[in-house]
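Reading through the structure tokens given below for one structure.
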Amino acid sequence: MGAGRPRRWKLPFHRSAPSSPSSPPEPEPHSPARSAVVVAEEEAPPAEFVCSILGALMADPVILPSGQTYERACLQACAELAFLPPGMGSASDAVIPNAALKAAIGTWCARSGRVVPAPPSAEAAREAVLRAMPPDAAKSVRTRPRAALASSSNSPYSSPASAASTSSYTSSSEIIPAEDEVGVKPVKEGTNKDAVREQVEMAVDPLEDVVVAKVMYAEEEEEVVLAVAGLREATRESAERRRALCTPRMLAALRRVLLIPRHASARVDATAALVNLTLEPANKVRIVRAGAVPPLVEVLRSSTSPPEAREHSAGALFGLALNEDNRAAIGVLGAVPPLLDLLTSPAHAAPARRDAGMALYHLSLAAVNQSKIARFPGAPKALLAVASSAAERAPIRRLALMVVCNVAACTEGRAALMDAGAVAAVTAILSNDTRSAELDEWCVAAMYAMSRGSLRFRGLARAAGADAALRRVAEECAPGVVRRDMARKTLRAMRNEADDAADLTGSSLECGDGDDCAGSIVSDGLMSFRRRQRELGSSSCGNTAEF
């Protein structure tokens, strides 16, 4: 027999799964649903969509006066637990629904295949707040009875739905959404005596029932026009009547007139009545909470709005922006772009541009609005163009420079202004032979603000020849004038010399009128427009004129 044939080993292409538990499992078959889940997990939500307390997408985002945005249920839990998250000054801070962010979250969820988030339960929000609290404080809170916590808090952050069913979150500072119907709202249990007294006092003016009835049920538009015109006249009578007429029902009626097209003929009187109502400090926050800002913004945006209605809308926003608690909310509600357009467009009347400029000046005292102006496309260039134009009236140029000074108070604003050529533009104004002393003040303030902590400023200032203009200001001004000190400090910054002297920005100087100037550039020598006009005996420094 011959030699045996060699054996051929048959090797399988697929290895059998071993019985060892440590071996990796076989891959699962492809599933479209599983792929969608994997894609959703891979795409993390943007940080601004996530509540820093809850750690999840926000279902009902609300914004605080500081500009911070949180889930409403988390703020309710914070108020219940007596915990102040970052950005909250006190438990009574007003909050505004952030509709723009809510819409953006919904769009992102639809694009990424996620389910739109639902509001968290009260228990989930409470646990999230407890996790965010310091361990010792959270431990002490967990040991306290829930009833004691509920009775010791009175949260202003309740949504309308939850406020109707839960009395522990009821407050006189509750926000009234724009879509609420005009009607008599009963006094809820749990409200304090001051709120009840305020509602009773506001309900005594008989004109309120007349105007609301005409706006809601009148068949002839002429009846609405006459009713709103009567309201405008009534708001000119006295401070007491303005306070009495500034009720949720009346503000809802005015909101309806501004939004519904068939009431267009009554918009001039409606906006003028709102201007008059903003004259009273007690009305300012109440008007913003009642949802009157979006209709005013819509009047500014609409090309069909009468010029007089636009002027009154800008005046009303100016009056509301005088209150520090309103500034962040007004900016979030979209007032900055139309006000910028009104100020920088020569086609509009001078009074309307003046009111828009004053509104922007006060809004830009809030850091959140400084960033909005800096990021808005073309805003820095448009402001500088108005400030540099010899064809513009001096008050309009001054207002543009005032806004530039406020924007330059933040890092983002300084960068945007220097990108737009602000250093060269302001240097040109300072070097102009026809310059005015008042414009010089704001030009020096703008240069000083841009020089703070900016290495880029040095090169731009040297290239523009700013040193000669600043030296002239420092030599012409008498010792002790803040304008002179700012010019000298800016020159030292250009030479990269250390400056240990006190900062001359708004954080270390007072406006002189009792208001907080936040990041504005103001001082005894660079005073805000309000105080300067008051010294001159003019009433245009504040919204004191009745319409």
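Checked by atom type and distance alone, the side chain of Asn326 pairs as donor or acceptor with a backbone atom of Lys284 at under 3.5 Å. Of the possible polar contacts, one joining the Asn406 side chain to the Tyr361 backbone as a donor-acceptor pair under 3.5 Å is found. A distance-only check finds a donor-acceptor pair linking the side chain of Ser305 to the backbone of Val299 [under 3.5 Å]. Side-chain atoms of Asn98 come within 3.5 Å of backbone atoms of Leu101 as a donor-acceptor pair (strictly under, hydrogens ignored). Under a 3.5 Å cut-off, the side chain of Arg267 and the backbone N or O of Pro306 do not form any donor-acceptor pair. With hydrogens and angles disregarded, no donor-acceptor distance shorter than 3.5 Å links the side chain of Arg241 to the backbone of Thr235. A distance-only check finds no donor-acceptor pair linking the side chain of Arg327 to the backbone of Ala367 [under 3.5 Å]. At distances below 3.5 Å, not a single donor-acceptor pair connects side-chain atoms of Ser388 with backbone N or O atoms of Ala385. No donor-acceptor distance shorter than 3.5 angstrom exists from the side chain of Asp60 to the backbone of Arg72, with no hydrogens or angles considered. Side-chain atoms of Glu280 never come within 3.5 Å of backbone atoms of Arg243 as a donor-acceptor pair (strictly under, hydrogens ignored).
For the residue pair Val288 and Ile96, the shortest heavy atom distance occurs at CG1-CD1, 4.0 Å. Pro338 and Val297 get closest at one heavy-atom pair: CG-CG1, 4.0 Å.
Residues passing the salt bridge (charged side-chain N to carboxylate O under 4.0 Å, His left out) test with Glu48, sequence neighbours excluded: none. Glu392 meets the salt bridge (charged side-chain N to carboxylate O under 4.0 Å, His left out) test with Arg353; sequence neighbours excluded.
Between Thr278 and Asn283 there is no side-chain heavy-atom pair separated by less than 4.5 Å. Residues Asn323 and Pro281 have side chains not in contact (no heavy-atom distance under 4.5 Å, counting atoms from C-beta outward). In this structure, the side chains of Arg289 and Arg286 stay at 4.5 Å or more apart for every pair of heavy atoms. Side-chain contact check for Leu342 versus Leu360: every heavy-atom pair is 4.5 Å or farther apart. In this structure, Pro45 and Arg114 have side chains that are in contact, with non-hydrogen atoms separated by less than 4.5 Å. Considering only heavy atoms from C-beta on, Leu439 comes within 4.5 Å of Arg397 through its side chain. The closest side-chain heavy-atom distance from Val403 to Val407 is below 4.5 Å. Contact check for Pro97 versus Lys102: no side-chain heavy atoms found under the 4.5 Å cut-off.
Between Phe318 and His362, the ring-plane angle classifies as parallel under the 30° and 60° cut-offs.
To the nearest 0.5 angstrom, Leu417 atom CG is 6.5 Å from Met450 atom CE. One distance of note links CG of Asn432 with OG1 of Thr427; it measures 12.5 Å at 0.5 Å rounding. Note that OG of Ser238 and CZ of Arg242 are 6.5 Å apart. Values are rounded to the nearest 0.5 Å.
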Side chain to side chain contact (heavy atoms under 4.5 Å, CB included) between Leu383 and Leu340, intermediate numbers included: CA-CA 8 Å; Leu383 290 169; Leu340 277 169; 4.1 Å; yes

Residues Val404, Trp442; criterion side chain to side chain contact (heavy atoms under 4.5 Å, CB included); working and verdict: CA-CA 9 Å; Val404 167; Trp442 293 103; over 6 Å; no

Candidate pair Asp355 and Glu311, rule side chain to side chain contact (heavy atoms under 4.5 Å, CB included), full reasoning: CA-CA 7 Å; Asp355 288 342; Glu311 177 185 342; 4.1 Å; yes

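Checking Val275, Leu274, Asp269 one by one against His312, the side chain to side chain contact (heavy atoms under 4.5 Å, CB included) holds for a single residue, Val275.
Applying the salt bridge (Lys or Arg N to Asp or Glu O under 4.0 Å) rule to pairs touching residues 404-424 yields Arg375-Glu412, Asp419-Arg456, sequence neighbours excluded.
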